[in-house]
Amino acid sequence: FTLGPALTVDTSGKIWAGWLGCDSVENWKVYASCFEDSVWSVPMLVSEPAGWGDYPVAITSDDRGNVWLTWMNSDDDIYYSYWNGNKWSDPAPIDTHPALDYYPKMTFNGKRIWVTWIRQIGSNQYAIYASYTYGVGVEEKPVANLSPSALKLDPSYPNPFSLKTAISYQLPCDCYVSLRIYDIAGNLVRTLVNKDQKAAHYSVNWNGKDNQNRHLPGGVYFVRLEAEGYAKTEKVVLLQ
């Protein structure tokens with residue numbers, strides 16, 4: 001059976017549908033189809049496995065003819081794929097986080113693809129998150145030059161620390177980068193970097209404060225570097 005259908009229209013006037021399909025052994029998969037010349041195409045498999053069917057997919061199109069799909073994957077993270085006229089791109093996470101992410105929504109504002117979703121941040125506590133593509137299109141990003149082994153995040157120094165610690169990382173290509181600090185419960189406490197950067201070596205200091213410039217309590221925190229769908233995490237200890 002199927003759940004969560006969503007529709008969009010691309011620049012050529014084709015109608016696209018995306019949905020979750022479940023086979024006889026309850027394996028959820030993401031499918032898409034387009035309506036052209038009064039006929040729906042054979043359903044195309046976009047991704048497998050996917051999250052269970054109560055959480056629908058979202059779909060939109062941009063001004064370059066790309067069609068975009070996003071969904072909750074089986075690891076409880078939000079993933080995306082896009083149709084570039086020939087095939088669907090390999091599924092990639094929009095954000096990876098040790099919490100439940102679900103109910104994605106997607107739109108194109110003339111410049112960027114925006115995605116919003118709900119995240120469970122505690123017992124009966126929820127927050128709305130958003131992310132967007134950077135630049136003119138995924139195809140212009142040098143994704144092929146970046147691999148999990150090429151993205152480097154060095155251990156913070158000093159560690160443990162009390163006043164400040166230096167966080168160093170290496171980017172092998174130009175890409176959009178986020179460098180964030182999470183507490184042991186998985187809550188985001190500080191965003192250090194959230195922008196496009198050139199291929200180079202970088203070092204950023206963290207003073208143990210949150211995004212409101214408040215001193216955080218001593219304990220274990222996690223430094224998370226994300227770029228082009230890949231991520232690295234290091235543990236750091238803040239002393240009282």
Side-chain angles (χ1 to χ4, degrees), residues 51 72-80 92-102 115-134 141-143 145-240:
M72 187 190 91
N73 211 40
S74 57
D75 58 5
D76 296 339
D77 289 322
I78 304 300
Y79 278 64
Y80 78 94
I94 292 174
D95 187 26
T96 55
H97 191 273
L100 175 64
D101 294 323
Y102 59 103
V115 179
T116 64
W117 65 91
I118 295 174
R119 173 174 294 168
Q120 185 172 1
I121 59 175
S123 178
N124 296 320
Q125 290 182 305
Y126 303 88
I128 297 176
Y129 281 73
S131 182
Y132 59 83
T133 58
Y134 192 85
K141 296 180 181 180
V143 178
N145 295 329
L146 186 57
S147 67
S149 60
L151 183 66
K152 296 186 183 301
L153 174 63
D154 297 329
S156 303
Y157 183 81
N159 186 18
F161 78 100
S162 56
L163 297 178
K164 68 177 181 179
T165 186
I167 303 168
S168 300
Y169 58 96
Q170 177 78 35
L171 301 178
C173 65
D174 300 354
C175 54
Y176 196 81
V177 178
S178 72
L179 183 66
R180 298 183 173 100
I181 309 294
Y182 294 88
D183 64 19
I184 198 168
N187 301 309
L188 174 66
V189 295
R190 182 69 181 269
T191 297
L192 297 173
V193 178
N194 191 33
K195 62 183 179 180
D196 198 46
Q197 291 187 317
K198 299 290 185 180
H201 182 270
Y202 295 88
S203 182
V204 179
N205 289 328
W206 179 43
N207 58 6
K209 296 182 180 180
D210 65 10
N211 283 328
Q212 286 73 47
N213 203 36
R214 299 172 299 196
H215 287 281
L216 290 165
V220 175
Y221 294 86
F222 295 94
V223 180
R224 187 170 184 84
L225 173 68
E226 297 184 27
E228 300 294 350
Y230 298 117
K232 300 285 186 179
T233 303
E234 289 286 342
K235 183 170 67 175
V236 63
V237 177
L238 173 62
L239 300 176
Q240 291 282 8

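Keep in mind the model is a prediction, meaning the values are calculated, not measured. Throughout, numbering of the chain's residues begins at 1 and tracks the sequence.
Minimum heavy-atom separation, L238 to G208: CD2-O, 3.9 Å. Nearest approach of K164 to P158, heavy atoms of both residues: O-CD, 3.7 Å. The two atoms that bring S203 and A166 nearest to each other are OG-CB, 4.0 Å, heavy atoms only. Residues S162 and L239 come closest through the heavy atom pair CB-CB, 4.3 Å. Taking both residues in full, the closest heavy atoms of D174 and K198 are given as OD1-CA, 3.3 Å, listed atom of the first, atom of the second, then distance. Between E226 and A231 the shortest heavy-atom distance is CG-CB, 3.8 Å.
Here the straight-line distance linking atom OG1 of T233 with atom CZ of F222 works out to 8.5 Å at 0.5 Å rounding. We find the OG1-CD1 distance between T165 and I181 to be 9.0 Å, quoted to the nearest 0.5 Å. For the atom pair L151 CG and C175 SG, the distance stands at 7.0 Å (nearest 0.5 Å). Note that the OH atom of Y221 and the OG atom of S156 stand 13.5 Å from one another [nearest 0.5 Å]. Interatomic distance, Q170 CD to L153 CG, rounded to the nearest 0.5 Å: 11.5 Å. I121 contributes atom CD1, which lies 11.5 Å from atom CG of D101 (distance to the nearest 0.5 angstrom).
Judged by distance alone, with hydrogens and angles left aside, the side-chain atoms of N159 form a donor-acceptor pair with the main-chain N or O of K235 at under 3.5 Å. Side-chain N or O atoms of D210 include one that pairs as donor or acceptor with a backbone N or O of Q212 at under 3.5 Å.
When side chains are defined from C-beta on, L100 counts as touching Y102, because their heavy atoms get closer than 4.5 Å. The shortest distance between side-chain heavy atoms of R190 and K209 falls below 4.5 Å. With contacts defined as side-chain heavy-atom distances shorter than 4.5 Å, the pair V177/K195 does not qualify. Using a 4.5 Å cut-off on side-chain heavy atoms (C-beta onward), Y169 and Q197 make contact. With contacts defined as side-chain heavy-atom distances shorter than 4.5 Å, the pair Y182/V189 does not qualify. Put simply, the side chain of Y202 does not reach to within 4.5 Å of the side chain of I167, judged on heavy atoms. Looking at heavy atoms from C-beta onward, V236 lies in side-chain contact with F161 at the 4.5 angstrom threshold. You'll find the side chain of Y129 stays beyond 4.5 Å of the side chain of I118, heavy atoms only.
For the residue pair D183 and N187, a side-chain donor N or O sits within less than 3.5 Å of a side-chain acceptor on the partner.
Counted within 6.0 Å of OH on Y126, heavy atoms from surrounding residues, nucleotides or ligands total more than 12; the atom is thus considered enclosed.
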Using the rule given for side-chain contact (heavy atoms from CB on, under 4.5 Å), can you reason through L188 versus R119, listing the C-alpha separation, both sets of side-chain angles and the distance that settles it, and then say yes or no?
CA-CA 12 Å; L188 174 66; R119 173 174 294 168; 5.8 Å; no
